[in-house]
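FYI, the numbering just counts along the sequence from 1.
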Amino acid sequence: MSDETATSAIDEITRLVIRYAAGFAGDAHATVEFYALPMIHVGPDAVSVIGSREEATAFVEGILDRLRPTGFSHTTVERCFVRLLHRSVALCGVDGTRRRADGSPIERIGATYVLTAHQDWRIRELIVTDPERINPWLVA
């Protein structure tokens, strides 16, 4: 993979993850478009395999149901580190902030994504990560 191709892929993945985070509070069906199915969610207490659009929509709606009472409006990405592992596989570490409509913070969040490009880049695995553990080691 050429440096130019790698830089283009990294930029594309970064834009995708920022769009995903910003739009997460919106329509769950639109959010699911960012996922490659089946998708794996590795949480602090459980691992789930999400195999269908219906399961993915329910997954997103479940998270939103828990967040809305806090005033959750959107998520901003503070730091995003991408590392290409192969021309069609990448890791992306994200340090983000869940926010209210006025922009005030609710909580910091972290995630490590495994993305695959089988046509377009999509999130294949979402791993809950402490924001403090998101490091530039992910950068190629």
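What you find for Leu37 and Ser52 is that their closest heavy atoms are CD1-C, 3.6 Å. Nearest heavy-atom pair across Ser73 and Ala25 is O-CB, 2.8 Å. For Ala28 against Thr57, the heavy-atom pair with the smallest separation is CB-CG2, 4.0 Å. Closest of all the heavy-atom pairs between Ile106 and Gly71 is CD1-C, 4.0 Å. The two residues Gly23 and Thr31 make their nearest non-hydrogen contact at O-OG1, 3.7 Å. Contact detail for Pro38 and Val49: the closest heavy-atom pair is CB-CG1, 4.2 Å.
Contacts of Val128 classified as side-chain contact (heavy atoms from CB on, under 4.5 Å), with partners at least two apart in sequence or in another chain: His41, Pro44, Leu126. Glu55 pairs by the salt bridge (charged side-chain N to carboxylate O under 4.0 Å, His left out) definition with nothing, not counting sequence neighbours. With sequence neighbours left out, the side-chain contact (heavy atoms from CB on, under 4.5 Å) criterion links Pro105 to Thr97, Arg99. Listed by chain and number, the residues in a side-chain contact (heavy atoms from CB on, under 4.5 Å) with Thr129 are Thr112, Ile127, Arg133, Ile134 (sequence neighbours excluded). The salt bridge (charged side-chain N to carboxylate O under 4.0 Å, His left out) search around Asp65 returns Arg68, not counting sequence neighbours. Listed by chain and residue number, Glu33 satisfy the side-chain hydrogen bond (donor to acceptor under 3.5 Å, both in side chains) test with Arg53 (two or more places apart in sequence, or in another chain). Partners of Glu61 by salt bridge (charged side-chain N to carboxylate O under 4.0 Å, His left out), not counting sequence neighbours: none found. Residues that satisfy the salt bridge (charged side-chain N to carboxylate O under 4.0 Å, His left out) test with Glu54, not counting sequence neighbours, are absent from this structure.
Contacts classified as salt bridge (charged side-chain N to carboxylate O under 4.0 Å, His left out) and involving residues 104-113 (residues at least two apart or in different chains) are given here: Asp95-Arg108, Arg98-Glu107, Arg108-Glu132. Pairs engaging residues 8-17 under the salt bridge (charged side-chain N to carboxylate O under 4.0 Å, His left out) rule: none recorded [sequence neighbours left out]. Residue pairs meeting the salt bridge (charged side-chain N to carboxylate O under 4.0 Å, His left out) criterion with at least one partner in residues 41-51, sequence neighbours excluded, are absent. Residues in residues 20-29 take part in these side-chain hydrogen bond (donor to acceptor under 3.5 Å, both in side chains) pairs, two or more places apart or across chains: Tyr20-Tyr35.
How far CD1 of Ile10 is from CH2 of Trp121: 9.0 Å, rounded to the nearest 0.5 Å. Interatomic distance, OG of Ser88 versus CD of Gln119, reported as 12.0 Å (0.5 Å rounding). Expressed to the nearest 0.5 Å, how far CG of Leu85 lies from CG of Leu115 amounts to 10.0 Å. The CZ atom of Phe72 sits 11.5 Å away from the CZ atom of Arg100 when rounded to the nearest 0.5 Å. Taking CD1 of Ile13 as the reference point, atom CZ of Arg83 lies at 12.5 Å (rounded to 0.5 Å). To the nearest 0.5 Å, atom OG1 of residue Thr76 and atom CD1 of residue Ile18 are 10.0 Å apart.
Contact check for Val82 versus Leu91: no side-chain heavy atoms found under the 4.5 Å cut-off. In this structure the side chain of Leu16 reaches within 4.5 angstrom of the side chain of Arg122, judged on heavy atoms. The closest side-chain heavy-atom distance from Met39 to Phe59 is below 4.5 Å. You'll find the side chain of Ile40 stays beyond 4.5 Å of the side chain of Ser48, heavy atoms only.
Judged by distance alone, with hydrogens and angles left aside, the side-chain atoms of Arg124 form no donor-acceptor pair with the main-chain N or O of Tyr113 at under 3.5 Å.
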- request: In sequence, state the C-alpha distance, the side-chain angles, and the governing distance for Phe24 and Ile63, and then conclude on side-chain contact (heavy atoms from CB on, under 4.5 Å).
  value: CA-CA 10 Å; Phe24 191 86; Ile63 294 170; 3.7 Å; yes
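Follow the hydrophobic side-chain contacts under 4.5 Å out from Ile109 and you never reach Val114; the two are in separate clusters. Val94 and Val60 end up in the same hydrophobic cluster when Ile, Leu, Val, Met, Phe, Trp and Tyr side chains are linked at under 4.5 Å.
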